[in-house]
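Just so you know, ligand 1 is whichever comes first in the structure, and atom 1 is the first atom listed for that ligand.
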Amino acid sequence: MTKRKRERKSLNYFDKIFPYNGDCEIFGIIGKPLKHTASPAMHNALFRKYELKGIYIPFELEKVDLKLFVNFSRKFLKGFNVTVPYKKDVMKYLDEIDETARDMGAVNTVVNKNGILKGFNTDYLGLKNSLKEDLGVSIRGKNIIVLGAGGAAISAVFLCVKERANRVFLINRTFEKALKIAKKFKNRLDIKPLFLLDKDSVERAFDESELLIQTTSVGLKKSDPLIINADLLKKVKYVYDMIYKPNPTKLLAAAKKRGCKISGGIGMLCHQGAKAFQMWTGKKPDINLMKQIVEEAVFK
Ligand code: ATR
């Protein structure tokens, strides 16, 4: 391609993603790293589909710039998402925090209403909707295993609180982290922290449970090992992995082989994004379109 053609092509591309002259609302996502986030593709496609004058930009930030960004956003952005590692840190700079987000101790969506920044958390609702839509399963009255005790595990445990699970087994490599989460929710949920390497207790948890929700980062790399004995998966009916790439993860492939109904995390990603989009624009977006866009963006 000649230099001139290349320039023309890139101008056309810019026009496609930013077709307005100043008359446009700005949204975005903060986090680090953001190189692989599918959120800009997802939201920008929705703005185009619904002919809304909006643009969604990734802002990869250092922690020292968090306060600066929040003050900037108060003037110039209509809203933004927050991802790892700032879901907790961002809270101290916002003007208001919704009760659920405060309870979870994490914000993933900020709405700017006339210069007042309010933080919400749509992650646990994203998980709830995806479990229903992609696995046909609800939490109520069930015994559930949550694997992992990091930030992502909080959404799963919180959903179990809200939807009244019967019992939760919280299994983690570092027992103290599982214990800390269990202590936080113990008055509202029957929750048992377990050490990943305590084979007998882990096996008993599988004997008693119907659904496994995988929240660790293990599985993101194709070379990652399984951290539980694959044959335990025979004991549960449903396995949900919050990881969406690769799809299926090694865990999901092993679970499928053993007769489980499985789902990866694309639905959760789309549903949390749909909720945020609705808060910002008042429009309830088409989930199937979002799934299609994300799959294209993530697996291209
Ligand atoms: P996130 O906010 O995405 O949940 P995180 O807070 O770093 O990220 O948590 C990652 C989770 O993956 C933790 O539960 C972590 O276990 P530890 O609490 O013991 O660190 C889990 N994890 C990461 N690598 C692991 C491995 N190789 N084996 C078992 N668990 C692992």
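Counting atoms of ligand 1 from 1 in the listed order, those under 4.0 Å from a heavy atom of Gly148 are 14 (O).
The single protein non-hydrogen atom nearest to atom 13 (C) of ligand 1 is Asn172 OD1, 3.9 Å, given as residue, atom name and distance. For atom 5 (P) of ligand 1, the nearest protein heavy atom (residue, atom name, distance) is Gly150 CA, 4.0 Å. Among all protein heavy atoms, the one lying closest to atom 1 (P) of ligand 1 is Gly151 N, 3.6 Å. Of all protein heavy atoms, the one closest to atom 27 (N) of ligand 1 is Arg173 NH1, 3.4 Å. In this structure, atom 10 (C) of ligand 1 lies nearest to the protein heavy atom Ser217 OG, 4.1 Å. Of the protein's non-hydrogen atoms, Thr216 CA, 3.9 Å is the one closest to atom 11 (C) of ligand 1.
Sparse packing is recorded around NZ of Lys237, with 12 or fewer heavy atoms of other residues, nucleotides or ligands lying under 6.0 Å away.
Nearest heavy-atom pair across Asp95 and Leu117 is OD2-N, 2.7 Å.
Using a cut-off of 4.0 Å between Lys/Arg side-chain N and Asp/Glu carboxylate O, Arg204 and Asp207 are scored as not salt-bridged. With salt bridges taken as basic N to acidic carboxylate O contacts below 4.0 Å, none links Glu25 and Lys53.
Nearest-residue assignment for atom 17 (P) of ligand 1 (options Thr174, Leu226, Ile228; heavy-atom criterion): Thr174. Nearest to atom 25 (C) of ligand 1 by heavy atom, out of Val218, Leu147, Leu170, is Val218.
Applying the side-chain hydrogen bond (donor to acceptor under 3.5 Å, both in side chains) test to pairs two or more places apart or on separate chains, none has a residue in residues 112-121. Each ring-ring contact (aromatic ring centres under 6.0 Å, His included) pair with one or both residues in residues 110-161, not counting sequence neighbours, appears once here: Tyr124-Phe158.
Of all the heavy atoms of Lys177, the ones lying under 4.0 Å from any atom of ligand 1 belong exclusively to the side chain. Using a 4.0 Å cut-off between heavy atoms, Ala149 contacts ligand 1 through its backbone alone, with no side-chain atom that close.
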Start with the C-alpha distance between Asn166 and Asn143, add both sets of side-chain angles, then the distance that settles side-chain hydrogen bond (donor to acceptor under 3.5 Å, both in side chains), and finish with yes or no. CA-CA 5 Å; Asn166 183 57; Asn143 289 352; 2.8 Å; yes

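Annotation: Leu196 places no N or O atom under 3.5 Å from an N or O atom of ligand 1; distance criterion only.
Here the rule is side-chain hydrogen bond (donor to acceptor under 3.5 Å, both in side chains) with Thr122, and of Asn108, Asn81, Asp98 only Asn108 fits it.
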